[in-house]
Amino acid sequence: MLHRSLVGGEWVDGDRRPNVNPARPDEVVSEYAEAGPDTARAAAEAAGAAQPGWARTPVAERMAVLDRIGTTILGRAEELAVLLAREEGKLLAEARGEVVRAGQTFRYYAHQLLQPQGEVYASTRDNVHAEVRRRPLGVVAVITPWNYPIAIPAWKVAPALAYGNAVVLKPAELVPASAGELAGIIAGSGLPPGVFNLVLGAGRTAGEALLTAPGVDGVSFTGGTGTGAHVARQCLAHGNKRFQLEMGGKNPLVVLDDADLEVAVRCALDGSFFSTGQRCTASSRLIVQDGIHDRFVAALADAARALTVGDPLDPRSQIGPVVSPQQLAQNLGYVAAGTAEGATVAAGGTSDGQFMRPTLLTGAHNGMRVAREEIFGPVSCVIRVGDLDEAIAVAADTRYGLSAGIVTTSLAAAERFKRDARAGIVTVNLPTAGTELHLPFGGTGDSNHGPREQGGYARDFYSVPVTCYTGW
Ligand code: NDP
C-alpha cells in the first residue's frame, strides 16, 4: 500500500519511506511518498485557487459532500481501524472508536451548517440595520500529531470545509496511512479539486513551508507545546496568520478520602494507562488525600500489574505498544528521573521490545520532573495531600491546563473543583480523558492558544465575523 500527497486533485509522488508497525517494528504497514517544501507550497497555492469557488458553493451541496465523507468513513470503519491500530499501535477497539468518531464528526459538521450563522443587533441609529455575518477564514493549514491519526484531522478538516475554507492537511510523519486513506475518501466525495490537499512530509520541512507560505491564512495545530510556540512565532512573522494551538497536558486526577475506591481506581487506570498513556488528556498526576492514599495506591498498583500489554490486534490486549523507540526511551528516562528524585516504582517501570508496562510512581511531589513535564506514555505519579484546598492548589500548580478530574462523593467538593480547577475540561467521577464531539475542547495555560475546537465553537476559528451596517 502506497500513500501519496494530494495537490489540486493530483496525487504527487516522492521518495518512498516505510511506515512501520510499532507492535512489530520489522513489519512495514505501508509506504508513503515523502513530500518536501515545494509540494507544500504547491498545495497552498492549489487551495488558494479553489477556495473562493467552494465558499460560494450552496450550503446544501457542502452538506452533501461532508455527509458523504462521514458515511464512507463509517462504512469502511473496520478496515480503517485495523490500519490505524497497525500504524499507531492503539488497541483495535480504541481504533474502531476513533474511526467512528471521525465519521460522525464529518456528519455533525454537515448539519452544523443549518445552525444560525450570524446575529442581528438593534442599531443605535435610525433606519440602520446592524448584523454580524461570517465569512470563511480562507486557506487553512492543518498540522496534526500521531496519537489520533484520523480523529484529530477529522475534527479540524470537517469544520474547515463546512465553513467554506480550503485545507492543506499535514499529518505527523509517523502516521501517514490513516491520513492517506482519509484523503482518498475526501477526494472521492465530489469535493472540487484543490479544496482539500494532503502533504505527507516532515514537520521541519513540509510543515515549515506551510507556516511561511504567503497563501495560508490560518494554521490549526495540535502537538507538543514547544512546536506550538514555534508555529505561533512563524504565523506572526509570516503574514500575521491566524493560529489555533492545542498542545500538551499534565493533567491531575484528585482522589478525596470520601471517594468510592472502585470508581477512583477505574478512573486512574483508564486516564493514566489506556491508549498507552499517549493522550493529551491522560491523568499523569494522581493527587490523593491522606486517608485513602494507601488503599488507593495498593489497589491501583494491583490493577496496573494485572493489565495485559500486547499486540493491538489481539483482543486480549488492554495496552498496546509505545509508538516509537524515541518515545519509549523518553518514557524510561522519566522513570529513571523520578526514582533519582526520590519516587518509588510501585508497578511497572520496565519494557519488553516496544511494549512498556503501565508504570506507577509513588511518593512523588509536585516539584519533581515527572510531576511537571509531559511524559506522554503509560507513566503516572502519586502525590499525597492533606485536604481539598491543598489538592486544588497542587492540581493548579502546572504550566499546563488541559483537563482536571476529581473523584469524590461530596457534591460540595465537586462543585468547588469545577469552579476552581485551572483547566479547560473538568471531570467528576470520570477519567480525565474521554470527550464528546459536540462539546468544546481545549485548555488553558501552555495547553492552548486560540479558540476552542469541536462542537459549534469550532466556527470561531474557521470563520471571520464581518460587522455589516445597512442604511435604508
Ligand atoms: P509534535 O509537536 O512533535 O508534532 C506535531 C505536528 O507538528 C506533527 O505533524 C509534526 O510533524 C509537526 N511539526 C513539527 N515541527 C514542525 C515545524 N517546524 N513546522 C510545522 N510543523 C511541524 O507532536 P507529536 O506529534 O509528537 O504529538 C505529541 C504531542 O501532541 C504531545 O505533546 C501531546 O500532548 C500533543 N497533543 C495535544 C492534543 C491536544 O488536543 N491538546 C491532542 C493530541 C496530542 P512531524 O511529525 O512530521 O515532525
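Note that ligands are numbered from 1 as they come in the structure, with each ligand's atoms numbered from 1 the same way.
Ring-plane geometry between F441 and W155 is classed as tilted, the angle between the planes lying from 30 to 60 degrees on a 0 to 90 degree scale.
Side-chain rings of F376 and W146 approach one another, their centers coming within less than 6.0 Å.
Contacts between H230 and ligand 1, counted as non-hydrogen atom pairs separated by less than 4.0 Å, involve the side chain only.
Considering backbone and side-chain N/O of T222, none are found under 3.5 Å from N/O of ligand 1. At a 3.5 angstrom cut-off on N or O pairs, C280 does not count as close to ligand 1. Where the criterion is an N or O separation shorter than 3.5 Å, residue side chain and backbone included, Y148 fails it with respect to ligand 1. The distance criterion of under 3.5 Å between nitrogen or oxygen atoms is met by W146 with respect to ligand 1. Taking distance alone, with nitrogen or oxygen atoms compared against 3.5 Å, K170 approaches ligand 1 more closely than that limit.
Side chains of K250 and S447: a donor-acceptor N/O pair is absent below 3.5 angstrom, by distance only. Under 3.5 Å, the side chains of H230 and E208 contain a donor-acceptor pair of N or O atoms.
Relative to the ring axis of Y148, K90 places its NZ or CZ within 45° and under 6.0 Å from the centre.
Distance check for atom 4 (O) of ligand 1: every protein heavy atom is found at 4.0 Å or beyond.
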